[in-house]
Undergrad: 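Before we start, here is the structure in question, set down as structure tokens.
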Amino acid sequence: MNGKLKVIVTILLAVTLTLGSCNRKKEVVEQDKALVNDSLFMEAYRPQFHFSPAEKWMNDPNGLVFHEGVYHLFYQYYPGDIVWGPMHWGHAVSKDLVYWEQKPIALFPDELGYIFSGSAIVDDQNTSGLGNGEKAPLAAIYTYHDMEGEKKGSNDYQTQGLAFSTDNGESWEKYSGNPILQNEEGFKDFRDPKVFWHESSKQWIMVLVAGDHARIYQSQNLIEWKYVSEFGKDRGGHGGVWECPDLFPLTAPESGKEVWVMIISINPGAPNGGSGTQYFIGKFDGTTFTSEQKNTRWLDWGTDNYAGVSYNHVPNGDRILIGWMSNWMYARDTPTETWRSAMTVPRKLGLQQQGDSLHLTNYPVENLATILKSEINRDISLPAGASDTINFDHFNQSEVRFRTEARDFVLSFGNDKGDTLMLTMDSEQKNFVLDRIKSGKVDFNEGFGDLMEMPVPGLPDGAYEVRVLMDWSSLEVFINGGVYVMTAQLFPNAPYTMLTVSNPGSEPADLTDLEVSRAERIW
Ligand code: FRU
């Protein structure tokens, strides 16, 4: 090579290398970005198909409302820490209740207090006069919690406030005349308004809780409210404060009649400790809710489904509930580092007839099927005393479902770290037991390892379905169409990779169509 050519080749080489390295740099930068995005939702225990906030503390779902093709999910949020603090309303949206998009914070605390739980509605007729003439306003009705008042020892530090949005929930303005409902009788706990339009009496209804009972108010304009009745001082569970009420109609399966259901969260006082959600089946005439129900009924027997409420304005009349997957007993201690807690999968509510009584069911919405990819499908026949093991790398992001007539079986999920999570159907005790004592990390709180028991007196004579959804830090069990439900958090030391099904009973146990599906990640 002569001198001149050498120079040209060297220059070309240098240019190529420089360009190449620029390209590589670009690639690396792109990759880093991808890594940052990925690692944000890839932390240990991060739910992959349940909603959780990108970072920091979350509790109750709030303001569940469907509007113009979008399901809004607001939630109690503290952007300053991974423990509870001054409450804001965080915000996320979904078109299908499966994939969620995180939005900026919707409501910030102001001089009237922190923004506690509440609901949202679409004011179609602009009854509030807060619309701008073009768009129906969305209205959020929530509790103000005045910390100064609480510190001073007064009793009226919780009042109700209103905020509205004329851009489909993108931005919110507080109503200038807040609070819209004072706490004149001085109830120490006076909160969590659920507002909905009652078509037959053509008015807005607000249900809120006052310590040991629910109170019902009526309004024509969302701003002036009239107290009309109360429910519950002598009904249901009273082991703790009543919180997060809901009231809605459902159609009874056999008679086709409309019945009304009131949901009340209670903390403490749940059947397996700490926070839980009870329900009452009854009637509502636009003024008063009445219920003949004698016993206390629970929407979920697991310890980790609290403060659940349902969506307003879902087009075909479906009732869809989302709950907070935690428990005030240990919510602040769970072993996650950058965010705390997740929501249940959205669940459709229904009714099931058992003898002469109706029971509330809650069961994953159909859309969830879009992310479930079947990987194993088989029948398992277990003679008395036998067991069988299924190996699968992804139990922590999966669904396991089967049908059975068996009254005795044990599902035991395990990993190579020796963690075991046990679900037992026990014919002798007529109950279903969730045992997470050896499931992984449990010692961050004394009560976390306690057995959870659920009576199952109304199982049908024939086959019934068992459906288990497991994410990286949660388990949801639905038995017989969601009439028996258990939701629990889990923190295994490694993903579960084995499922042993065993039959401790004296009769053969057949599990038919046992299907294991991988759940795709939603982030
Ligand atoms: C229920 C609850 C509500 C209250 C909110 C405060 O978990 O205690 O009663 O509005 O949380 O964050």
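One-based numbering, in listed order, for ligands and for the atoms of each.
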Undergrad: Heavy-atom contact under 4.0 Å between T143 and ligand 1?
TA: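 Per 4.0 Å heavy-atom rule, T143 does not contact ligand 1.
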Undergrad: Using 30° and 60° as the class boundaries, would you call the ring planes of F74 and W89 parallel, tilted or perpendicular?
TA: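 Rings of F74 and W89: tilted, as their planes differ by 30° to 60°.
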Undergrad: Relative to the heavy atoms of F116, which atoms of ligand 1 are at a distance of less than 4.0 Å?
TA: 4 (C), 6 (C), 10 (O)
Undergrad: Between the side chain of R436 and the main-chain N/O of A488, is any donor-acceptor distance below 3.5 Å?
TA: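 The answer is no, because no donor-acceptor pair under 3.5 Å joins these two groups.
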Undergrad: Give a yes/no verdict on a cation-pi contact between R46 and F41, requiring under 6.0 Å between NZ or CZ and the six-membered ring centre and an angle within 45° of the axis.
TA: yes
Undergrad: I need the atoms of ligand 1 closer than 4.0 Å to a non-hydrogen atom of S117, numbered in the order shown.
TA: 5 (C), 10 (O)
Undergrad: Going through the distances and angles, do E185 and R215 end up as a salt bridge (charged side-chain N to carboxylate O under 4.0 Å, His left out)?
TA: CA-CA 12 Å; E185 294 183 56; R215 299 173 75 76; 2.9 Å; yes
Undergrad: Within a distance under 4.0 Å of any heavy atom of R191, pick out the atoms of ligand 1 and give their elements.
TA: 3 (C), 4 (C), 9 (O), 10 (O)
Undergrad: Show which atoms of ligand 1 fall inside a sub-4.0 Å distance from at least one heavy-atom site of M87.
TA: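 Those of ligand 1 that fall under 4.0 Å from M87 are 12 (O).
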Undergrad: Y306 near ligand 1, heavy-atom distance under 4.0 Å?
TA: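 Yes.
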Undergrad: Is there any N or O on W324 that sits under 3.5 Å from an N or O of ligand 1?
TA: no
Undergrad: Distance to 0.1 Å, residue and atom name: give those for the protein heavy atom nearest to atom 12 (O) of ligand 1.
TA: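 Answer for atom 12 (O) of ligand 1: Q76 OE1, 2.6 Å.
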Undergrad: Around E258, counting heavy atoms of other residues, nucleotides and ligands shown, do more than 12 lie under 6.0 Å from its CD?
TA: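 Yes - once you tally the heavy atoms of other residues, nucleotides and ligands closer than 6.0 Å, there are more than 12.
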Undergrad: Report the part of N59 (side chain from C-beta onward, or backbone N, CA, C, O) that has a heavy atom under 4.0 Å from ligand 1; answer both or neither where that applies.
TA: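 The side chain, only.
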Undergrad: Which of parallel (below 30°), tilted (30 to 60°) and perpendicular (above 60°) describes F187 and F190?
TA: parallel
Undergrad: Hey, is CE on M422 packed in by over 12 heavy atoms from elsewhere, all under 6.0 Å?
TA: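 Check fails, neighbour count at 12 or below.
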Undergrad: To check your reading of the model: name the closest protein heavy atom to atom 7 (O) of ligand 1, its residue, and the distance in Å.
TA: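 Answer, as residue, atom name and distance: D60 OD1, 2.7 Å.
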Undergrad: Looking at CG of L475 and CE of M486, how far apart are the two atoms once the value is rounded to the nearest 0.5 Å?
TA: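 Interatomic distance, L475 CG to M486 CE, rounded to 0.5 Å: 10.0 Å.
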Undergrad: Which protein non-hydrogen atom lies closest to atom 8 (O) of ligand 1, naming both residue and atom, and how far is it?
TA: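 Protein heavy atom at minimum distance: E243 OE2, 2.9 Å.
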Undergrad: Can you tell which of V209, D192, V241, L208 gets a heavy atom nearest to atom 10 (O) of ligand 1?
TA: D192
